[in-house]
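In each ligand, atom 1 is the first atom listed, and ligand 1 is the first ligand listed. Here the structure is a predicted model, which means the values were calculated and not measured.
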Amino acid sequence: MMNITDPIYHNEDQARQHLETLRWGEDNQNIFCAHCGCTEKVKATKMMSKPSKKNPEPKPVEGYYHCGDCRKRFTVRTNTIYERSHISLHKWVLATQLLCASKKGMSSHQLHRMVGVTYKTAWFMSHRIREAMGITYDEMMGGEGENVQADETYFGQKDVIVKRTKYGRPSHSSKMSVVSLVNKGKARTFHVDTANIETIKDLLNKNVSKASELHTDESRLYTQVGQEFAEHKTVKHSAGEFVRDGAHVNNAENYFSVFKRGMRGVYQKCSERHLQRYLNEFDFRYNTRELDDFSRSIQAHKQAEGKRLTYKRVKEKV
Ligand SMILES: [Zn+2]
């Protein structure tokens, strides 16, 4: 469980060792080169700190390793979301813990106050952590004898508003569209440009096994693609129905309600180009809800590898 007095949240060496253990095992037993993956010719290397006004005497710095194969140097930050940031590792560990422990997320304002970094830094950190929380799925959901719920919702405001109703109110097409797929209590949620027959068909094709039983509401968006599945069961929400013939989309709806409460209560504003990252965060928390907060943060750190944001994306306007 999380204990805020744990030195990993305050002490740089302890934080580094914590991340090293997660990545390379106890005492770095399974260390591998963060550049080429070599496991054999890796050795700790002595580095000295650069003299500064505060510390004019150079001191040895721990945490650098050298690979005899590719002849490159690396640290536990290399090839992770923590690379190329001057933010202390203990702040990364604390920020990750806080984001993992808050049910509806944590705003950059609050993170900035609690971690002791500027608002702008807190904003970058939280977006990088969301990047770590995201998963590239290579397995299909469902299969024979399994149910997959699919549901869509509309939220916030698109960056470019396309259309309004004749009364001037935003129509669905001016809101951002989100589609969620739930199978065995796990959700995959996607921001789509517009939720229509084509985009939903495409998402289902890419993510859901056709041997599954598809559960949706009566929306016409699912009628055609539903025929491609082993079975397609629908509930008629317009008739006040929530379960029919064992079919429901309650899990997807619960997911949306947590997501919307979090977005309204905590994040308040979210531009369309960042929406998928917020969805990653909510998927991550939903899918790891059986874990305690500390184990959830360990999972996030483990997923931090291979997800370094490129320069261009980091430069996005705040
Ligand atoms: Zn190497």
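- Geometrically, Arg188 engages Tyr137 in a cation-pi contact, judged by NZ or CZ lying under 6.0 Å from the ring centre and within 45° of the ring axis.
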Under 3.5 Å, sequence neighbours excluded: what are the donor-acceptor pairs made by side chains of residues 42-52?
| from | atom 1 | to | atom 2 | distance (Å) |
| --- | --- | --- | --- | --- |
| Ser49 | OG | Lys59 | N | 2.8 |
| Ser49 | OG | Lys59 | O | 3.4 |
| Ser52 | OG | Asn55 | N | 3.1 |

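- By the 4.0 Å N-to-carboxylate-O rule, Lys206 lies close enough to Asp202 to be salt-bridged with it.
- Residues satisfying the side-chain hydrogen bond (donor to acceptor under 3.5 Å, both in side chains) criterion with His18, sequence neighbours excluded, are absent altogether.
- Applying the side-chain hydrogen bond (donor to acceptor under 3.5 Å, both in side chains) criterion to Tyr286, with sequence neighbours excluded, gives no partner residue.
- Screening His274, His112, His109 for a ring-ring contact (aromatic ring centres under 6.0 Å, His included) involving Trp123 leaves a single residue, His274.
- By the criterion of a separation under 2.8 Å, the protein N/O/S atoms near the Zn ion (ligand 1) amount to Cys33 SG, Cys36 SG, Cys67 SG, Cys70 SG.
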